[in-house]
Amino acid sequence: MNTPLRLPTDPRQNHLLAALPDTEWHRWQPYLELVDLPLGQVLSESGRIPAFVYFPTTAIVSLLYMTQDGESSEVAVVGNDGVVGISLFMGGGATPSQAVVQSAGQGYRLRAQLVKNEVDLAGPVLHMLLRYTQAMIAQVAQTAACNRYHSIDQLMCRRLLLGLDRLPSDALVMTQELMANLLGVRREGVTAAALKLQQAGVIRYSRGHIVVLDRARLEQRTREAHAVSRKGYDQLRSMPLAA
Amino acid sequence: MDSSSNNPKKNQLLAALPDVEWQRWLPQLESVELRLGQVLYESGDKLSHVYFPTTAIASLLYVMENGASAEIAVIGNEGIVGISLFMGGESTPSRAVVQSAGLGYRLTAQAMKDEFNRAGPVMHLLLRYTQALITQMTQTAVCNRHHSLDQQLCRWLLVSLDRLQGSELVMTQELIANMLGVRREGVTEAAHKLQEEGLIRYARGHISVLSRQGLEKRACECYAVVKKEYDRLLPERLAA
């Protein structure tokens with residue numbers, strides 16, 4: 001069972017919500033609804049227009065694509081750094097991917113119509129959402145490149161870091177099964193890579209669970225893949241909101 | 001290359017502009033020649049212009065620290081090169097390179113920002129286009145993980161063909177290998193197989209597509225998924 005801890009929660013634990021100017025914050029506040037996001041919950045389905053956007057605070061959401069052969073591939077990771085449901089403000093509604101909670105926690109949701117209204121205002125909120133989308137594009141681009149060039153070992157290290165970046169503590173626990181599904185590789189490949197990382201003292205791997213022990217070493221191993229993405233994110237997030 | 005034959009209506013986004021916007025944009029659009037290999041911008045650059053290809057095709061490449069690059073999207077007469085200008089990042093994580101020489105139009109960064117900030121039909125059109133582009137990149141990430149070089153080559157040929165007139169592509173195997181992020185020998189072998197099956201004819205950098213349907217059958221689902229999304233998100237293109 002995977003019930004999220006009931007800690008006092010604040011929408012501003014989500015970085016986008018925290019960056020809203022006062023006027024917009026007060027406009028949104030009455031409509032932001034705190035929700036539990038249990039592991040495996042589907043927030044939006046492939047080809048269906050989502051009813052809400054979600055701003056995770058402690059949960060992490062995977063954007064997954066399922067191939068016709070039934071294989072899965074995680075195309076992006078969204079946590080307290082972002083919003084799930086970009087297509088609602090880009091105007092396209094649905095997308096071929098699905099959004100699934102990959103690490104249980106909490107978040108805030110907002111009705112789709114409210115988001116669309118905000119877009120039409122074309123003010124600081126839209127610009128903030130677009131800058132986030134730009135950071136998301138950089139993450140997807142890097143995933144495409146990683147999937148072309150990197151070994152399972154490197155893919156896994158990168159994925160562990162993407163998760164750690166979005167969690168309140170240094171603890172990240174994931175099953176091999178889940179990791180294999182997210183990376184779109186066979187479970188045996190994850191097992192082999194996990195054993196290597198354990199031997200290097202980077203993770204502890206027991207009973208199907210991967211626990212990160214040494215973040216610094218993890219970063220070293222995946223320096224290239226992660227550093228570029230993180231820099232881009234930080235640059236985009238630190239920009240002032242004025243259009 | 002004959003620049004006088006260029007026409008902004010050959011770019012589907014420009015052709016989809018409502019009359020008022022069209023009249024306002026026309027004097028600001030500059031016809032340009034886009035040469036093979038020309039770098040429209042580097043990753044980290046501050047963009048000076050956005051580009052609307054008419055007969056040229058551009059590739060967006062993600063460049064890794066070791067210098068290797070992977071193509072993440074293709075942009076031709078259906079789109080715009082330089083979305084980061086209105087997405088607000090000012091600079092971009094990718095490199096844009098001309099992959100097939102031809103013509104296009106460009107607009108200054110300031111003009112693009114001004115137009116976008118009017119928040120009218122232009123903004124909505126460009127956001128929908130950006131969503132289509134994101135879908136293309138997302139699909140490429142999936143494709144790179146799950147599909148074979150044979151399938152990827154077919155997909156790539158179709159994507160380029162969609163953005164050109166006729167059924168001829170002028171492209172070296174070297175370039176294709178760079179775009180797909182594979183060894184040239186792999187492309188040679190895959191192209192040879194397609195030729196044996198009568199789907200393409202390939203000689204000295206000229207590829208003639210003999211059976212589009214045949215390529216579509218051999219390509220992975222990624223081609224159809226992206227095409228469907230472009231058609232859905234940008235119906236104006238089909239009418240234009």
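As the structure is a prediction and not an experimental result, all values here were calculated from the model. Atoms considered below: every heavy atom in the structure, side chains included; atoms not considered: hydrogens, waters and symmetry mates. Letters A, B, ... are given to chains in the order of the sequence lines, protein chains preceding strands, and every chain is numbered from 1.
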Legend entry - Largest heavy-atom contact set with chain B, pairs under 4.5 Å, which of A:Ala76, A:Gly93, A:Ser87: A:Ser87

Legend entry - Heavy-atom contact with chain A under 4.5 Å, split by part of B:Val225: side chain

Inset, instruction - Specify which of B:Thr140, B:Leu233, B:Val142 makes the most heavy-atom pairs with chain A at under 4.5 Å. - result: B:Val142

Inset, instruction - Mark yes or no for whether A:Tyr149, through its side chain, and B:Ser69, through its backbone, hold a donor-acceptor pair below 3.5 Å. - result: yes

Inset, instruction - Kindly give the heavy-atom pair with the smallest separation between B:Leu127 and A:Phe89, and that separation in Å. - result: CD1-O, 3.8 Å

Inset, instruction - Could you look at B:Leu61 and say if it's the side chain, the backbone, both or neither that has a heavy atom under 4.5 Å from chain A? - result: neither

Legend entry - Contacting moiety of B:Gln136, where chain A heavy atoms sit under 4.5 Å: neither

Inset, instruction - Please examine the side chains of B:Met64 and A:His150, heavy atoms only from C-beta on, and report whether any two atoms are closer than 4.5 Å. - result: yes

Legend entry - Atom CD of B:Glu197: over 12 foreign heavy atoms under 6.0 Å: yes

Inset, instruction - Mind ranking B:Met123, B:Glu221, B:Arg232, B:His124 by heavy-atom pairs under 4.5 Å with chain A and telling me who comes out on top? - result: B:Glu221

Inset, instruction - State the OH-SG distance between A:Tyr65 and B:Cys222, to the nearest 0.5 angstrom. - result: 5.5 Å

Inset, instruction - Answer with side chain, backbone, both or neither: which region of B:Ile72 has an atom nearer than 4.5 Å to a non-hydrogen atom of chain A? - result: side chain

Legend entry - Options A:Thr143, A:Leu63, A:Leu130, ranked by heavy-atom pairs under 4.5 Å with chain B, top entry: A:Leu130

Legend entry - Short side-chain to backbone donor-acceptor contact, B:Gln131 and A:Gly92, under 3.5 Å: yes

Legend entry - Donor-acceptor pair, side chain of B:His146 and main chain of A:Ser72, under 3.5 angstrom: yes

Legend entry - Contact summary for A:Ser73 and B:Arg145, nearest pair of heavy atoms: OG-CG, 3.9 Å

Legend entry - Contact winner vs chain A - B:Leu180, B:Val226, B:Val182, heavy-atom pairs under 4.5 Å: B:Leu180

Legend entry - B:Ser94 versus chain A, the contacting section by heavy-atom distance below 4.5 Å: neither

Inset, instruction - Measure from the side-chain N and O atoms of B:Asn144 to the backbone N and O of A:Asn147, and report whether any donor-acceptor pair falls under 3.5 Å. - result: no

Legend entry - Leading residue by heavy atom contact count with chain A [cutoff under 4.5 Å; candidates B:Glu229, B:Glu71, B:Lys228]: B:Glu229

Legend entry - Interface moiety of B:Gln139 toward chain A, non-hydrogen atoms closer than 4.5 Å: side chain

Legend entry - Gap separating the CE atom of A:Met90 from the OH atom of B:Tyr129, nearest 0.5 angstrom: 11.5 Å

Legend entry - Contact check, side chains of B:Ile134 and A:Thr133, non-hydrogen atoms, under 4.5 Å: yes

